[in-house]
Structure formats: structure tokens, C-alpha cells
Amino acid sequence: MELASFLNAQQQQAVEHLKGPLLVIAGAGSGKTRVIEYRVLNLIANGVPPGQVLLLTFTRRAAKEMLSRAAKRDPKAAEVEGGTFHAFGVKVLRQFAGHLGIKENFTVLDQADAEEALHRCATDLKFYEGPNRFPQKASLQKILSMATNKRLAIGQVLEAEYPNFIDCRPQLEQLREVYSQFKLEKSYFDYDDLLLYLRLLLGQEAVRVHLGNQYRYLMVDEYQDTNLLQGEIVGLLGAEHQNVMVVGDDAQSIYGFRGAYHQNILDFPGKFKNTRIIKLEANYRSTQEILDLSNGVLGGMEKAYEKHLKSAEGRQGDKPKLLFFKEPAEEAVFVADAIQEFYHQGESLYEMAVLFRSSYLSFHLQTELAKRRIPFDVFGGKKFSDTAHVKDLLAFLKILANPKDELAWNRCLMLLPGVGPKTAQKLIGQLVGRSSLVEMKAVFDTLGENAKYKTQSVKWIKALVEAQSQARDLGEAYLFLLNAYLPVLEDQYDNWQQRKKDLEMLAQIAARYQSIEELLTDFALEPPEREVSEVMGIYKEEGRVTLSTIHSAKGLEWGNVFLIGMIEGLFPSAYALKSDEGLEEELRLFYVAVTRAKSRLFLTLTHYGFSGGITQFNKPSRFLDQPGIQSHLESPAERTSPAPKPELPKIGLNKEELLAKLAELYQAKGG
DNA sequence: CCTACTCAGTAGCCT
DNA sequence: ACTGAGTAGG
Ligand SMILES: Nc1ncnc2c1ncn2[C@@H]1O[C@H](COP(=O)(O)OP(=O)(O)OP(=O)(O)O)[C@@H](O)[C@H]1O
């Protein structure tokens with residue numbers, strides 16, 4: 001392989017470094033991802049069996065992309081073990097399940113499932129009955145998760161983030177214990193458990209040696225967004241052989257809310273003695289104008305970064321533009337117009353992205369694009385699998401996979417009219433004592449005739465039994481369940497037809513899987529993004545515009561990028577303004593956003609916004625006031641201040657007059 | 001005792 | 001739009 005034709009000198013050094021610890025730390029667009037790709041190939045070319053290489057990435061998508069690109073040059077690269085820390089945790093945990101007395105087909109709880117489970121434990125412990133306020137389920141999950149990922153005591157998390165709940169510390173500690181027991185008993189693992197148990201297993205000398213021998217070469221991408229727990233995992237996985245390469249950019253650490261510890265990357269050389277450090281200097285992605293702005297963003301940070309982004313090839317282009325609009329609909333029209341214009345100039349839709357801080361900022365644009373039949377994909381925000389009806393059907397599938405899944409039963413039973421928490425619990429008490437669906441059927445068959453939920457629940461258990469015994473594949477099994485669920489769906493939702501379509505689409509996805517466990521695990525670890533109608537029409541050539549949160553755009557690049565919603569309180573987010581670190585992370589997020597663009601970059605905002613049911617005046621993001629940023633933006637000569645509201649015309653109508661006018665209008669005029 | 005309904009308050013980023 | 005609190009009613 002002639003590396004020199006694909007890599008610069010520093011990249012080659014990194015790719016040719018095969019043994020011992022290596023840290024590649026470099027700015028955005030400097031070719032870090034490319035280094036990983038070629039290092040995988042180089043390891044294989046040097047005789048390393050691909051199965052001995054472990055590549056941990058931030059999303060499963062990233063791992064898949066890197067490995068499939070590498071596999072084009074050497075098919076063996078496809079055999080490399082790649083995925084997220086969480087996915088790797090699942091894999092290892094399934095291998096060792098037998099030794100830990102847990103079911104091999106354990107269920108992975110997503111965040112909402114974990115919240116439900118926590119809520120149940122807290123309710124059982126009667127923590128909501130006392131006179132003191134106890135955190136809501138979402139906060140419970142966040143507090144415990146933060147403690148796990150940052151390796152902090154619950155008290156420390158409370159002090160730092162939830163001082164108002166500081167008195168709940170003993171209860172929260174008890175809750176964590178009960179919740180852990182509950183999960184272990186039922187073979188549930190939430191996201192944090194996947195890391196925690198992996199860490200626990202690696203704490204066993206024998207496991208550490210075993211995995212160290214199995215995976216002789218470890219690579220970690222986006223290392224700046226790993227947390228302390230993941231840092232420990234890397235330390236243990238690499239302890240045997242020290243062949244650990246981590247890659248990242250400390251200025252791109254944007255997952256603090258998930259416990260990311262950007263110091264991890266700076267501490268790496270301390271953890272692994274004799275670490276070789278390689279810095280990549282040249283940027284291959286963007287024009288110098290875009291990089292000037294990026295450098296301006298870096299310059300606005302508290303922390304001084306020595307890096308200075310410079311285009312490798314001296315690429316020149318337009319200065320990034322800052323544009324103001326009256327309201328979101330107008331902003332959407334501008335973006336859609338520009339997309340169409342670029343498309344007609346010959347740009348592929350794949351080279352266009354619209355980025356935003358929060359997913360709801362894209363709603364207007366979604367409407368506008370759909371209206372114009374411009375195909376697009378949405379990343380980030382509410383997932384397809386977060387919607388109630390999809391979760392309902394997944395609960396049925398969970399029961400099919402594991403008839404003793406109490407949380408799934410609870411969700412399903414609560415859908416029955418006449419069944420609330422108490423009845424559901426009572427039924428579950430009877431159900432879990434039985435070992436199969438067929439035996440469970442008796443519970444419903446023997447219900448008193450006056451139980452109004454009897455008919456429906458008997459239909460359900462019948463469908464479950466049939467799905468288990470008669471279906472030839474998962475697609476068929478799914479249809480049994482869907483048909484049983486439909487009456488309740490139609491009852492529950494006004495827009496059931498739309499939801500039914502979603503569930504039919506889920507049928508297609510389900511049919512692609514061999515086993516339910518696989519499907520459920522995939523849905524938990526990498527939920528499908530919200531599907532968007534397959535609009536065709538005038539855009540025959542393939543290609544789709546990307547609409548993405550900045551977080552989900554990490555590591556990606558496009559020729560044309562629109563960053564919308566540059567509004568104070570939205571970006572930087574009001575939540576983040578509470579602390580200096582919060583604001584600093586927003587700036588890093590801004591840096592990530594602008595460095596996604598190769599050639600053209602637009603920042604937009606609107607004067608009016610809509611929030612909490614009222615129209616508001618927006619203030620431009622404070623980022624735009626920073627001189628180092630402003631000077632690299634081309635904006636309208638004068639900043640159009642919000643148009644003053646026109647004076648209201650004076651009219652005076654009293655109640656009688658109003659009623660008389662109303663009566664006039666009520667005069668029927670239609671056919 | 002339990003469920004179903006109404007109302008008020010709030011709305012982030014992800015595995 | 002969606003959640004939790006509070007209350008009316010089975
Ligand atoms: N040596 C090179 N010569 C030419 N182009 C390169 C070279 N290295 C990388 N590139 C290209 O530069 C762009 C950015 O590279 P890459 O995605 O690897 O950067 P990165 O450092 O991972 O960026 P980020 O930190 O934003 O994820 C890609 O389009 C890549 O193909």
C-alpha cells in the first residue's frame with residue numbers, strides 16, 4: 001500500500017505506529033478519521049488478524065462507515081470488531097452472562113425504560129408519599145447516570161447539579177441499591193450498566209487478561225467525549241499489551257451532559273507510559289474563510305488552545321454569511337430556496353446540511369422542504385422508537401422474547417381500559433409465577449366475566465401464543481401482535497391512521513431480523529432515526545438533504561452548511577448558561593458546527609420566535625457579538641434591529657356592538 | 001379502593 | 001405537545 005498518496009507525513013507516522021500507546025490529537029478536519037481507517041488496514045497488512053483489532057467509536061454508524069470504507073481496500077477489515085462502548089459492553093456481557101447468573105438474552109433498557117423502572121422502585125419505596133418533594137423520574141435517571149459515568153458519589157452530583165434535592169441523598173442511595181437489585185433479578189441492563197458491568201468484569205484479573213489477549217490492538221475515536229468510566233475501561237483493556245491508540249480533539253468535547261470528561265484525552269499520556277503523541281496540523285476539509293471563523297470561535301474560549309486551523313491546500317472561498325429573518329417560516333423559505341438554487345447549480349443534496357442546537361428548531365424547515373418535495377433525513381431529537389405507539393409494540397415483542405418481562409407487561413396491561421397501576425401489578429404478580437405464555441393464558445381465561453378488560457386481554461395473550469407457536473419468522477410474529485394491538489391504538493389516538501403507518505413500517509424493519517433479541521438490542525443501542533416520507537417528484541436524482549442536531553453531526557462534513565437558530569437562549573442554550581463550563585461547552589459546540597462545512601456556510605436567526613405559546617423577541621446569540629467571530633462573518637451592512645411593531649389602529653367597540661357584529665357574521669352565507 | 005379525566009406547567013443535546 | 005397533580009366518579 002502506497003500510504004504517501006493518501007496521507008501526509010504526520011498521518012503516515014500515526015498509521016505506521018503499530019505497537020505501544022499512541023495519542024493523535026488534532027483539530028477538526030485534519031484527517032484523524034482517515035488515520036484510523038488506514039491504521040486498521042496497515043495492521044492487517046502487517047499480519048495482525050482482523051479479529052484482534054477493536055475499534056471503539058461514538059456511534060455504531062461511525063464504526064460501520066470507517067470499517068466499510070476500509071473494507072473496500074481490504075475485505076478483511078470488515079472482520080474488525082467495531083462499535084460503541086455500550087455495544088461492546090453488550091457483547092462481553094452476553095459472553096459472560098452464564099458466569100454471572102444472568103440471562104444471556106437480557107434486555108437493554110433505554111432511557112425511558114430506565115426512568116419507568118426507577119419510578120416503580122421509588123414508588124415501591126414510598127418515596128413519593130412523604131412530605132418532602134422527591135425528584136421526578138427523569139431527574140432520578142439523570143442523577144444516578146451522572147454519578148455512574150463521572151464516578152462520583154450521589155451527594156457530589158446533588159451538590160453540583162441538584163442542590164435543591166440535597167436532602168434526598170440517603171433515599172437516592174437506597175433507591176440505587178434497590179434499582180440495581182431489581183435489574184439484576186430481572187436481567188435488565190440500562191445504558192450505564194453496560195459500561196459499569198464491563199468495568200466490573202475487567203476488574204477481574206482473568207477477564208482482563210482474556211480480553212486483552214483477544215483484542216491485541218485497541219483504537220478509540222472521539223476520545224475527548226469519553227467519560228471517566230470509559231477511560232477506566234480503556235486503561236484496563238490496554239493494560240495487557242499497551243497497544244492503544246486514541247484519537248480526538250479536546251476542543252470538540254460536547255457531551256458533558258453525558259459525563260464526558262475532556263481531560264481524559266490530556267491525561268492519556270499519564271495513564272499509558274511512553275505514549276507517542278502526534279499532532280496533525282493541516283485541515284483538508286474547509287476553505288480558509290471558514291477556518292478563520294473557526295479560529296475566531298476557538299479564540300473566544302476561556303481555555304487557550306494552541307491549535308490554529310489552516311487549510312492544507314490553501315482553499316479559498318466565500319466568507320461565511322450571517323443572515324437575519326423576521327420569523328422562522330421566512331428563515332425556512334430562505335434555506336429551502338438556497339438548497340434548490342445550489343441543487344440546480346449541480347450540487348448534490350448529499351452535500352447540503354442544516355444544523356441546529358435543538359431539534360425543534362427544524363420543524364418549520366421540515367414543513368417547507370416537504371411542501372417543495374425536497375427529500376431529507378432528520379438526525380437527532382425524538383426518535384421513531386420514542387413514540388408511544390412504537391414503544392407499545394416493542395413491549396409486546398419484549399414479552400414474546402421474555403414472557404417474564406414485568407416492565408413490558410406493565411406497559412401493555414396499562415393500555416387496557418379499566419386497568420391502572422394496581423390491577424396491572426396484581427395481574428403481573430400472577431403472571432410471573434408461570435413459566436410460559438401458554439400457562440399465562442390461564443390468568444386471563446379465568447378472569448371474572450365482569451372485568452371489562454377481559455375480552456381484549458384474552459385476545460392479546462392468544463396473539464402472543466400464536467406469534468410464538470405459528471409464526472414462521474419474525475415478520476409474521478409481528479403481524480399477529482400488530483393486529484391484536486390495533487383496536488387499542490384506534491381507541492387511544494385521534495391520529496391512529498398515521499401511527500398505524502409507522503407500525504407497518506416497523507413490520508418491514510422487524511422482518512429483516514432473525515431474532516427478537518437482536519431487534520430489541522439494536523433498537524436500544526441504535527434506534528432508527530425518524531423516518532421521513534420518501535418524497536420523489538422533481539428530484540429524480542438520488543440524494544437527500546441532512547437535517548441534524550449539531551451533536552449528531554459530529555465527525556461528518558458537507559459542502560454547504562446552514563446553521564439556523566443563532567438565538568440567545570437557544571444557542572447558547574439557556575440551560576447551559578448557569579455555569580462557565582456550560583457556556584464553554586456551547587462554544588465548543590459552535591466550533592463543531594462551523595467546522596462541518598467544506599465550502600459554504602450560512603448562519604441564520606430570526607427576530608421573532610414562538611415559545612411557551614407566545615411570540616417573543618429574540619436576541620441574537622451572544623457568540624455573534626464576539627469581535628473575533630463577527631469579523632469573519634459577512635452580514636448586512638447594518639444589523640437590522642427588530643422592526644418596531646406598527647401602531648395599532650384605534651377602534652372602539654363595546655360589548656353590545658361586538659355581539660351585534662357577531663350576530664351579523666353568524667348569518668349563514670354558504671350554500 | 002381504583003381509574004379516568006381535567007388542568008396547569010414546561011418544553012436540550014445522546015448511548 | 002406531554003407530564004404530573006389533583007379531583008370526580010365508578
Ligand atoms: N492526507 C489527506 N489528503 C487529502 N485529503 C485528506 C487527507 N486526510 C484527510 N483528508 C480529507 O479531509 C476531510 C477531513 O478528514 P477527517 O474526516 O478524517 O477529519 P477529522 O480529523 O476526523 O475531522 P473531525 O475532527 O471534524 O471529525 C475528509 O474529507 C478526508 O477525506
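To find a chain, count down the sequence lines: A is the first, B the second, and so on, and within it residues start at 1. These numbers come from the heavy atoms of this one structure, side chains and all, not from hydrogens, waters or symmetry mates.
- Taking every side-chain heavy atom of Tyr575(A) into account, dG12(B) is the closest of dG12(B), dG4(C), dT15(B).
- When the side-chain nitrogen and oxygen atoms of Ser358(A) are compared with OP1 and OP2 of dA11(B), none of them lie within a distance under 4.0 Å.
- The shortest side-chain heavy-atom distance between Ser573(A) and Arg357(A) falls under the 4.5 Å cut-off.
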(message) Reading 5' to 3' and counting Watson-Crick or G-U wobble pairs with both distances under 3.5 Å, write the dot-bracket notation for DNA chain B, | for bases paired outside the strand.
(response) ||||||||||.....

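- In this pair, Tyr188(A) and Phe182(A) present their aromatic rings tilted. The plane angle is within the 30 to 60° band.
- Relative to the six-membered ring of Phe617(A), Lys619(A) misses at least one condition, a distance below 6.0 Å or an angle of at most 45° to the axis.
- Closest contact between the side chain of His551(A) and the listed nucleotides dC13(B), dG12(B), dT15(B) involves dC13(B).
- A side-chain donor-acceptor contact under 3.5 Å links Lys32(A) to the backbone of Gly27(A).
- The side chain of Glu586(A) approaches dG12(B) more closely than any other nucleotide in the set dG12(B), dA4(B), dG4(C).
- In this structure, Tyr128(A) and His119(A) have tilted ring planes: the angle between them lies in the 30° to 60° band.
- Residue Gln136(A) contributes atom CD, which lies 10 Å from atom C1' of dA5(C) at whole-angstrom precision.
- Listed by residue number, there are no residues of residues 224-233 of chain A with a heavy-atom contact under 4.0 Å to DNA chain B.
- Residues Leu489(A) and Leu415(A) have side chains not in contact (no heavy-atom distance under 4.5 Å, counting atoms from C-beta outward).
- Protein atom CG of Leu589(A) is 12 Å distant from nucleotide atom C1' of dC14(B), rounded to whole Å.
- Counting to the nearest Å, the P atom of dT3(C) and the OH atom of Tyr128(A) are 15 Å from each other.
- For DNA chain B, the neighbouring residues in residues 251-259 of chain A, judged by any heavy atom under 4.0 Å, are Tyr255(A), Phe257(A), Arg258(A).
- The side chain of Thr549(A) approaches dC14(B) more closely than any other nucleotide in the set dT3(B), dG12(B), dC14(B).
- An aromatic stacking contact between Tyr360(A) and the base of dA11(B) is absent, as defined here by ring centres under 5.5 Å apart and ring planes under 30° from parallel.
- Residue Thr84(A) is in sugar-phosphate contact alone, with no base atom involved, counting any heavy-atom pair closer than 4.0 Å across all strands shown.
- Residue contacts for Glu526(A): at a heavy-atom cut-off of 4.0 Å it reaches no nucleic acid atom on any strand shown.
- Note: NZ (Lys383(A)) to C1' (dG12(B)) measures 12 Å, nearest angstrom.
- Counting only heavy atoms from C-beta on, Lys422(A) has its side chain closest to dT3(B) among dG12(B), dT3(B), dT15(B).
- Aromatic ring centres of Phe165(A) and Phe134(A) lie farther apart than the 6.0 Å criterion allows.
- Looking at heavy-atom distances under 4.0 Å, Pro527(A) makes no contact with the nucleic acid at all.
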(message) Could you walk me through whether Ser552(A) and Thr549(A) satisfy the side chain to side chain donor-acceptor pair (under 3.5 Å) test, starting with their C-alpha distance in whole Å, then the side-chain angles of each, then the deciding distance to 0.1 Å, before giving a yes or no?
(response) CA-CA 5 Å; Ser552(A) 294; Thr549(A) 57; 3.1 Å; yes

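- Remark: C1' of dC14(B) and NZ of Lys382(A) are 12 Å apart, rounded to the nearest angstrom.
- Distance from the side chain of Ser552(A) is smallest to dC14(B) among dC14(B), dA11(B), dT15(B).
- Closest approach to the Lys137(A) side chain among dG12(B), dA4(B), dT3(C) is made by dT3(C) (side chain taken as heavy atoms from C-beta onward).
- Aromatic rings from His389(A) and Tyr485(A) are positioned such that their centres are separated by 6.0 Å or more.
- Within 4.0 Å (heavy atoms only), Arg60(A) reaches no atom of the nucleic acid at all.
- Figure legend: Lys454(A) and Phe444(A) shown without cation-pi pairing, the cationic atom not lying both under 6.0 angstrom from the six-membered ring centre and within 45 degrees of its axis.
- Between Glu116(A) and Lys137(A) there is a salt bridge, with a side-chain nitrogen of the basic residue lying less than 4.0 Å from a carboxylate oxygen of the acidic one.
- Look at Asp405(A) and Lys186(A) and you find no salt bridge, because none of the NZ, NE, NH1 or NH2 atoms lies under 4.0 Å from a carboxylate O.
- The pair Asp110(A)-Lys391(A) counts as a salt bridge, with a side-chain nitrogen and a carboxylate oxygen less than 4.0 angstrom apart.
- Here dC2(B) is the nucleotide among dC2(B), dA4(B), dC13(B) with the atom lying nearest to any side-chain atom of Thr423(A).
- Residue Leu109(A) contributes atom CG, which lies 17 Å from atom P of dT15(B) at whole-angstrom precision.
- When the nucleotides dT3(C), dC13(B), dA4(B) are ranked by their closest atom to the side chain of Ser359(A), dC13(B) comes out on top.
- Distances were taken from every side-chain heavy atom of His86(A) (C-beta onward) to each of dT15(B), dA4(B), dG12(B); the shortest belongs to dT15(B).
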